[in-house]
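One structure is given below, encoded as structure tokens.
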Amino acid sequence: MFLSVFDVFKIGIGPSSSHTMGPMSAANRFLDLLLSDEWPRPSHAAVAAIKVSLHGSLAHTGIGHGTGRAVILGLMGERPDLVDPDRMDAIIDEVERTGRITPPGHPSYVFQPKTDLVFDKKVPLPGHANGMSISAFDRDDRLLLKRIYYSIGGGFVVTDTELEAMRATKNKSTGTKIPYPFATAQQMLDMAARSGLTIAQMKRANEECSMSRDELDAGLDRIWSAMGACIDRGLSQEGIMPGGLKVRRRARAIHDKLQEEWRSNKTNPLLANDWLSVYAMAVNEENAAGGRVVTSPTNGAAGVVPATIRYYLHFHEDADQEGIRDYLLTAAAVGGIIKHNASISGAEVGCQGEVGSASAMAAAGLAAVMGGTPEQVENAAEIALEHHLGMTCDPVAGLVQVPCIERNALGAVKAVTAASLALKGDGKHFVPLDACIETMRQTGVDMNDKYKETSTGGLAVNVVEC
């Protein structure tokens, strides 16, 4: 099993990796398919129009998560890691005004968002809660091509046939040959014991099978740079976040108060927690506003990892760039194990799979750079994940604002606490990380769909009633 650090951490835009980045990438894939020889083209037929249908969680919370906007941007050839957030509104306005999409390298296609972009809340697709179909028609409205895509969390997108193949080969060795192919936490610990390497060193060796050390380091530095920029932008912004809930940004005001306390040397027993919280909130306020973020492992949980890295830089004198790289490699190793054996999708297992996974990754990364052994790192991840088990995904009005922003702050606090507890021990503990991950998977299977990113249960319902 191999999932690259750059699969776990992907630069994109908010507010959701599964509902924004995924659908945008699916639209990109469909455009690429149209220009390829991978589908049988009827003679004397040309694509004249495109239609999209969103299903399951994408339909239920798509408006609040910006799914429709993402689809339009993707059909215009914009990609999650390259789109300019300041140009998005103008691009969407053009499509709505003209009723056509004009992706680079393609002819113009008819696409009327009001009629050709359907939010189908009645008919879910069978493969995954985040399903969508994209179809191409000729000028006589005859179907030429149709593809079903699933956005499976963290910005990952697969077709229906790819999803079946993934499930069929889940426990088989496929793809890149790597020196440390751990698929479980126990395998990771066994390989660390035999090799004498840290988790970060093993992950680095796996990554360097497909890239040079310099390329890997440059990529890791680019990921942290994007995370850090997101924190800084979030701490500088004020005002009301979009979507209609009229939720006000708070990170800047909290940050200003903390700066005053810092300068005045006032005693604050909650200082570390306060800084952690404001860093995480800054990221998720940016995410809610559609800004540039990094999946960690998802957009809805994007604040936990950056907050704990900034905490590491802020409060630990020996923190350095190499430490940040080791942190990201360790966190990605744990995130890959969780994704492989359970899920990081809120639509599939609830928020335990998003903020819970992020907190486990952050705890592991922090324990590693603070000198933890592989056993202590695994323990830290388990503690953090265990205390998110059962957490539902119930965004009010389908927006990644309430309770998501504060939930990231608490996920970061739990991560630091988990790392600290693990480092106080010798790595031996009662519940293995693998058992905790399997429990999360089973809990997700048993969880009612209304608590899995559909906004039909939990706070999403009761806040309105109150």
Side-chain angles (χ1 to χ4, degrees), residues 1-4 6-8 10 12 16-42 47 49-60 62 65 67-68 70-81 101 103 105-106 109 111 116-120 123-137 143-172 174-176 295 297-298 336 339-340 342-349 353 453:
M1 191 282 296
F2 177 68
L3 193 66
S4 172
F6 303 116
D7 292 325
V8 176
K10 296 191 289 292
S16 171
S17 51
S18 59
H19 288 58
T20 310
M21 290 173 60
M24 189 185 299
S25 295
N28 295 157
R29 288 192 60 177
F30 192 79
L31 289 178
D32 293 340
L33 180 61
L34 288 180
L35 296 180
S36 74
D37 297 324
E38 297 178 16
W39 62 286
R41 298 169 180 269
V47 175
I50 291 177
K51 298 181 182 181
V52 178
S53 181
L54 305 172
H55 300 263
S57 181
L58 294 184
H60 282 283
H65 284 61
T67 307
V71 169
I72 295 172
L73 290 167
L75 290 176
M76 285 290 281
E78 299 291 342
R79 298 183 180 270
D81 58 333
I101 52 173
H106 290 253
Y109 304 122
F111 183 79
D116 296 335
L117 179 57
V118 177
F119 291 79
D120 188 343
V123 183
L125 296 179
H128 190 277
N130 292 332
M132 61 186 291
S133 67
I134 308 180
S135 304
F137 299 83
L143 179 64
L144 300 179
L145 175 66
K146 180 178 179 179
R147 284 291 184 272
I148 292 174
Y149 297 96
Y150 293 109
S151 181
I152 59 175
F156 292 91
V157 173
V158 294
T159 64
D160 49 355
T161 54
E162 289 168 347
L163 184 62
E164 291 177 6
M166 283 173 53
R167 289 171 174 169
T169 60
K170 182 174 182 178
N171 295 313
K172 298 179 182 178
T174 59
T176 306
T295 62
T298 67
K339 178 169 172 50
H340 178 69
S343 175
I344 58 171
S345 169
E348 196 169 22
V349 297
E453 208 167 2

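For the pair E453 (side chain) and A347 (backbone), a donor-acceptor distance under 3.5 Å is present. Checked by atom type and distance alone, the side chain of H55 pairs as donor or acceptor with a backbone atom of V123 at under 3.5 Å. Remark: side-chain polar atoms of W39 are paired, donor with acceptor, to backbone N or O of L33 under 3.5 angstrom. Checked by atom type and distance alone, the side chain of T295 never pairs as donor or acceptor with a backbone atom of S17 at under 3.5 Å. No donor-acceptor distance shorter than 3.5 angstrom exists from the side chain of S133 to the backbone of K146, with no hydrogens or angles considered. Looking only at distances, a side-chain donor or acceptor of N28 sits under 3.5 Å from a matching main-chain atom of G74.
For the pair K10 and F156, the cation sits on the ring face: its NZ or CZ lies under 6.0 Å from the ring centre, inside 45° of the axis.
A search for salt bridge (Lys or Arg N to Asp or Glu O under 4.0 Å) contacts involving D120 returns nothing, not counting sequence neighbours. In this structure Y109 satisfies the ring-ring contact (aromatic ring centres under 6.0 Å, His included) test together with H106, sequence neighbours excluded. Evaluation of the side-chain hydrogen bond (donor to acceptor under 3.5 Å, both in side chains) rule for S18 yields S16 as partners, not counting sequence neighbours.
A distance of 5.5 Å separates CZ of R29 from OH of Y149, quoted to the nearest 0.5 Å. The OG1 atom of T67 sits 9.0 Å away from atom CG of L117, with the distance rounded to the nearest 0.5 Å. Atoms CE and CZ, on M24 and R79 in that order, are 10.5 Å from each other to the nearest 0.5 Å.
Nearest heavy-atom pair across L75 and L31 is O-CD1, 3.5 Å. When every heavy atom of G336 is checked against every heavy atom of V8, the shortest pair comes out as N-CG2, 4.4 Å. The minimum heavy-atom distance between V349 and S343, with the atom names listed, is CG1-CB, 3.8 Å.
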task: Any chance you could lay out the side-chain contact (heavy atoms from CB on, under 4.5 Å) test for I148 and T159, step after step, and finish with the verdict?
output: CA-CA 6 Å; I148 292 174; T159 64; over 6 Å; no

- request: For the pair F137 and I50, evaluate side-chain contact (heavy atoms from CB on, under 4.5 Å) and give the outcome as yes or no after the intermediate values.
  value: CA-CA 6 Å; F137 299 83; I50 291 177; over 6 Å; no

Derivation and outcome, side-chain contact (heavy atoms from CB on, under 4.5 Å), residues I152 and N130: CA-CA 7 Å; I152 59 175; N130 292 332; over 6 Å; no

